[in-house]
Trainee: 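Okay, handing you the structure first.
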Amino acid sequence: MQNSIKYRKFILPLVIGILIWLLTPFKPDSLSIQAWYMFAIFVATIIACITQPMPIGAVSILGFTVMVITGVSDIKNAVQGFGNNSIWLIVIAFFISRGFVKTGLGRRIALQFVNLFGKKTLGLAYSLVGVDLILAPATPSNTARAGGIMFPIIKSLSESFGSDPKKGTERKMGAFLIFTEFQGNLITAAMFLTAMAGNPLAQNLAESTANVHITWMNWFLAALVPGLISLIIVPFIIYKIYPPSIKKTPNAKNWAHKELMKMGKISIPEKFMIAIFIIALALWITGSVIQIDATLTAFIALSLLLITGVLNWKDILNETGAWNTLIWFSVLVLMADQLNKLGFIPWLSKLIASSLGNFSWPIVLILLIVSYFYSHYLFASATAHVSAMYAALLGVAVAAGAPPLFSALILGFFGNLLASTTHYSSGPAPILFSADYISQKRWWTMNFILGIVYFIVWIGIGSIWMKMIGIM
């Protein structure tokens, strides 16, 4: 078991953490010693989350322990971080997504889309992205969506058309579908508060840092237009700059039909899953009106899944991704919250804001977003990136005069879109890239092009849309 720990990868986070700690005598006078110590522990933990000498959950526990031992936080306050309602929302949504996989409903939906829209390769790509869009609100792990549901279908479909990197035929279809799914997955993750693990973290940080209240509904409404525009134009752009050699896929419908026949008629557990999903979605949408909290909705949905037998308690215990997320998510939220309470984030925000004081808030916000986006080349986790930078950037934007809710939302959206950079950017990236359908050079080049598209759509059109609906 010891061999699974990469001790050398502890060197960088330890050296930087200790170095910051030793620089305490030179800290700014306006910062307390505790705030500076918290900064050192937080930076070391985030870097360890990137280098990953151990799984991120284990790294977080080490950071948590150091934080308490050094007296930066007492144990009573520290353990209360595990009761954060936003974190429990994302954990329970993991269990809900397990229902899609266990019942086979996710696969059935995907096959139905292929059966309906699979006459041409471009239509096939849109249908697969459409499936991702439908599953996104109740699948907080975009890695689970891309890797557990979409990737096996894309791979099987591609191979049925003779598109296989082992045979040198990846450009027939597979490369196009793989890359389109990757981009579509990031877009749908940006569209729903419950579609990616980092989104509720951003929600929590917005509340604690700038007293901004983000709801499931205002996130969805703000992301709706730029999200749909992106889902329409991005697959088409990929089709033009990286076209598949097979343009028509008449056999796809037959393949999907055969797979559906193997699955048989829709089962009772699948019917329960559909009904419960609709109930959860309805409550998330209307929750702010009927005063039902989003986390309570998730508990209601989970209770219904258990009562109907769609899931059993063993399924819950075996959902390691959820429990893993509960641990590291809670610790990172706790650390970020401590940085804010101890005054570090307000100090940093004012410092950066003063250096950008000659610029108007729109320019400041754009500079922040661009910096946020391209700094992701240094990260291997979108959620770790949100943990490290979101609160500070939001604080700077608000200090510069930017509308708080608008700033919180657009930074939240880009916490997902920034993963369109590298082949190691987030969970879905290595899964899809490792299929060997696309070279690293091609992956990075196309991602760079599409990054510019996201700036235009989400900052340009997105700002106009949010102004129209009264968010800006």
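Excluded from the calculations below are hydrogen atoms, water molecules and symmetry mates; all remaining heavy atoms, backbone and side chain alike, are included.
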Trainee: Would you say that Tyr437 contacts Leu432 through its side chain, given a criterion of any heavy-atom pair below 4.5 Å between the two side chains?
Mentor: no

Trainee: Say you draw a straight line from CE of Met446 to OG of Ser439; how long is it, rounded to the nearest 0.5 Å?
Mentor: 8.0 Å

Trainee: If you apply the rule side chain to side chain contact (heavy atoms under 4.5 Å, CB included), what do you find for Leu305 with Phe95, and how did you get there?
Mentor: CA-CA 9 Å; Leu305 289 172; Phe95 301 142; 5.8 Å; no

Trainee: Got a second to check how far Glu259's CD is from Asn254's CG, nearest 0.5 Å?
Mentor: 12.0 Å

Trainee: Decide yes or no on ring-ring contact (aromatic ring centres under 6.0 Å, His included) for Tyr390 and His385, but give the supporting numbers first.
Mentor: CA-CA 8 Å; Tyr390 178 89; His385 198 166; over 10 Å; no

Trainee: Let's go through Ser420 and Asn447 carefully: what are the C-alpha distance in whole Å and the side-chain angles of both, what is the deciding distance for side-chain hydrogen bond (donor to acceptor under 3.5 Å, both in side chains) to 0.1 Å, and is it a yes or a no?
Mentor: CA-CA 5 Å; Ser420 63; Asn447 276 343; 5.4 Å; no

Trainee: Looking only at atom types and distance, does a side-chain atom of Asn318 sit under 3.5 Å from a main-chain N or O of Lys314, one as donor and one as acceptor?
Mentor: yes

Trainee: Please indicate whether His423 has more than 12 foreign heavy atoms, meaning atoms of other residues, nucleotides or ligands, lying under 6.0 Å from its NE2.
Mentor: yes

Trainee: Kindly indicate whether the side chain of Phe220, heavy atoms from C-beta on, has any atom under 4.5 Å from the side chain of Leu193.
Mentor: no

Trainee: Between Ser425 and Thr421 (side chain of the first, backbone of the second, donor and acceptor by atom type, cut-off under 3.5 Å), is there such a pair?
Mentor: no

Trainee: Of Phe373, Phe413, Trp465, which is the lone residue that meets ring-ring contact (aromatic ring centres under 6.0 Å, His included) with Trp458?
Mentor: Phe413

Trainee: Taking C-beta and beyond as the side chain, do Phe10 and Leu62 meet within less than 4.5 Å on heavy atoms?
Mentor: yes

Trainee: Between the main-chain N or O of Thr215 and the side-chain N or O of Asn218, is there a donor-acceptor pair closer than 3.5 Å?
Mentor: yes

Trainee: Nearest 0.5 Å, please: how far is CZ in Arg8 from OG1 in Thr51?
Mentor: 14.0 Å

Trainee: Do Ile461 and Ile464 come within less than 4.5 Å of each other through their side chains, counting heavy atoms only?
Mentor: no

Trainee: Might you work through the ring-ring contact (aromatic ring centres under 6.0 Å, His included) test for Tyr374 and Phe455, ending with a clear yes or no?
Mentor: CA-CA 12 Å; Tyr374 287 113; Phe455 287 137; 5.8 Å; yes

Trainee: Is the shortest heavy-atom distance from the side chain of Thr180 to the side chain of Tyr242 under 4.5 Å?
Mentor: no

Trainee: Just so I know, are the side chains of Ile316 and Leu311 near enough to count as touching, which here means a heavy-atom distance under 4.5 Å?
Mentor: yes

Trainee: Is Phe176 close to Glu170 at the side-chain level, that is, under 4.5 Å between some pair of heavy atoms?
Mentor: no

Trainee: So how far is it from Ile154 CD1 to Glu181 CD, rounded to the nearest 0.5 Å?
Mentor: 4.5 Å

Trainee: Any donor-acceptor pair under 3.5 Å linking the side chain of Asp132 with the backbone of Gly184?
Mentor: no

Trainee: Evaluate the side chain to side chain contact (heavy atoms under 4.5 Å, CB included) criterion for residues Trp216 and Phe192: first the C-alpha distance (whole Å), next the side-chain angles of each, then the deciding distance (0.1 Å), finally the verdict.
Mentor: CA-CA 7 Å; Trp216 193 95; Phe192 303 96; 3.8 Å; yes

Trainee: Where the side chain of Thr121 meets the backbone of Ile246, is there a donor-acceptor pair that is under 3.5 Å apart?
Mentor: yes

Trainee: Got a list of side-chain donor-acceptor pairs under 3.5 Å for residues 113-120, not counting sequence neighbours?
Mentor:
none

Trainee: Take atom NZ of Lys248 as the centre, draw a 6.0 Å sphere, and report whether it contains more than 12 heavy atoms from other residues, nucleotides or ligands.
Mentor: no

Trainee: Under 3.5 Å, side chain of Asp315 to main-chain N/O of Asn312, donor-acceptor pair present?
Mentor: yes

Trainee: Without swapping roles, check the side chain of Ser163 against the backbone of Thr169 for a donor-acceptor pair under 3.5 Å.
Mentor: yes

Trainee: Is there a donor-acceptor pair closer than 3.5 Å between any side-chain N or O of Trp88 and the backbone N or O of Phe82?
Mentor: yes

Trainee: Can you measure from CE (Met389) to OG (Ser387) and round to the nearest 0.5 angstrom?
Mentor: 12.0 Å

Trainee: Give the C-alpha distance, both sets of side-chain angles, the deciding distance and a yes or no for side chain to side chain contact (heavy atoms under 4.5 Å, CB included) between Leu186 and Asn416.
Mentor: CA-CA 6 Å; Leu186 300 179; Asn416 296 276; 5.5 Å; no

Trainee: Closer than 3.5 angstrom, by distance alone: can the side chain of Asn199 be matched with the main-chain N or O of Ala189 as a donor-acceptor pair?
Mentor: yes

Trainee: Do Lys9 and Gln52 come within less than 4.5 Å of each other through their side chains, counting heavy atoms only?
Mentor: no

